[in-house]
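Heads up: the structure comes next, in structure tokens.
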Amino acid sequence: MIIAANLKTNLTRKETKQYIQELDTYVKNNAISQEVLVFPAMSSLDENDSSVIVGAQNAYPTKDGAFTGEIGTVHLDEFGINTILIGHSERRHILGETQELLIKKFNYYKDLGFKIVYCIGEPLSKREAGESEMMEYISTQYEGIDTNYENLIVAYEPLWAIGTGITPTLEDIESIHKELKKKSPAPLLYGGSVKVTNAKDVLAIDNVDGILVGSAALYAEHFCSMIGFAEELS
Ligand code: PEP
């Protein structure tokens with residue numbers, strides 16, 4: 001299974017270093033064989049020789065250049081980073097990233113062989129509009145994306161569940177993951193208010209290949225427990 005932490009705009013470089021050390025110790029002491037990914041804030045990217053894979057929450061599709069506020073592959077290469085999150089709902093909806101830009105990023109990082117965690121998910125209005133409208137909306141997020149890319153991981157994250165403490169029912173997650181599995185052979189993660197109290201149930205659902213965790217992952221101890229659940233279930 002794949003257990004991923006999106007640290008968003010949290011934890012300083014020093015705190016991130018300590019966080020990764022805690023995860024590394026847990027993974028090693030418990031002989032964890034699951035894939036553990038951590039996406040720190042951009043300024044917390046650093047050397048990493050731990051058992052945890054560190055990825056970028058964002059990078060521009062460029063080596064370097066005049067793209068103020070962005071980073072490129074020279075900055076990722078410096079730390080041997082070859083994993084990236086693309087299409088997170090906060091980047092789509094708060095930062096205004098369009099599908100067109102996401103396709104550009106996807107293709108750029110795909111050509112470099114990066115592991116790509118590509119996020120999809122519907123807003124509440126689409127969920128409430130019924131299954132077919134919801135699936136149509138989600139389908140647009142697959143447009144231009146090579147769903148057969150070998151280093152692709154898809155994360156289904158309903159917008160209305162992110163950071164809200166509200167999750168779809170286990171049955172809803174099961175049914176949408178079943179549908180989404182028809183669209184891509186890539187591992188499929190669930191994300192949206194996963195916490196230590198529901199992670200085990202979510203991980204046990206058919207066609208859930210792992211979880212992407214935001215707020216609850218900020219507590220290393222809680223995130224380690226979730227890694228432990230995945231190990232038990234595997
Ligand atoms: C996320 O940001 O990817 C996420 C799933 O956040 P949270 O767990 O806080 O809902």
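Indexing begins at 1, ligand by ligand and atom by atom, following the structure's order.
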Phe67: partners by ring-ring contact (aromatic ring centres under 6.0 Å, His included), with sequence neighbours left out: Tyr60
Side-chain atoms of residues 69-82: list all donor-acceptor pairs with protein atoms under 3.5 Å, sequence neighbours left out, distances to 0.1 Å.
{"unit_1": "Glu70", "atom_1": "OE1", "unit_2": "Asn58", "atom_2": "ND2", "d": "3.2"}
{"unit_1": "His75", "atom_1": "ND1", "unit_2": "Gly72", "atom_2": "N", "d": "3.0"}
{"unit_1": "His75", "atom_1": "ND1", "unit_2": "Gly72", "atom_2": "O", "d": "3.4"}

Partners passing ring-ring contact (aromatic ring centres under 6.0 Å, His included) against Phe114 (at least two apart in sequence or in another chain): Tyr109
Lys183 and Ser139: side chain donor to acceptor below 3.5 Å: yes
Could you list, one pair per line, each nitrogen or oxygen of ligand 1 together with any protein nitrogen or oxygen closer than 3.5 Å, giving atom names and the distance rounded to 0.1 Å?
{"unit_1": "ligand 1", "atom_1": "2 (O)", "unit_2": "Asn6", "atom_2": "ND2", "d": "3.3"}
{"unit_1": "ligand 1", "atom_1": "2 (O)", "unit_2": "Lys8", "atom_2": "NZ", "d": "2.6"}
{"unit_1": "ligand 1", "atom_1": "2 (O)", "unit_2": "His88", "atom_2": "NE2", "d": "2.8"}
{"unit_1": "ligand 1", "atom_1": "3 (O)", "unit_2": "His88", "atom_2": "NE2", "d": "2.9"}
{"unit_1": "ligand 1", "atom_1": "3 (O)", "unit_2": "Glu157", "atom_2": "OE1", "d": "3.1"}
{"unit_1": "ligand 1", "atom_1": "3 (O)", "unit_2": "Glu157", "atom_2": "OE2", "d": "2.7"}
{"unit_1": "ligand 1", "atom_1": "6 (O)", "unit_2": "Lys8", "atom_2": "NZ", "d": "3.3"}
{"unit_1": "ligand 1", "atom_1": "8 (O)", "unit_2": "Gly214", "atom_2": "N", "d": "2.8"}
{"unit_1": "ligand 1", "atom_1": "9 (O)", "unit_2": "Ser215", "atom_2": "N", "d": "2.9"}
{"unit_1": "ligand 1", "atom_1": "9 (O)", "unit_2": "Ser215", "atom_2": "OG", "d": "2.4"}
{"unit_1": "ligand 1", "atom_1": "10 (O)", "unit_2": "Gly163", "atom_2": "N", "d": "2.6"}
{"unit_1": "ligand 1", "atom_1": "10 (O)", "unit_2": "Ser193", "atom_2": "N", "d": "2.8"}

Greater than 12 external heavy atoms within 6.0 Å of Glu232's CD: yes
Atom NZ of Lys104: over 12 foreign heavy atoms under 6.0 Å: no
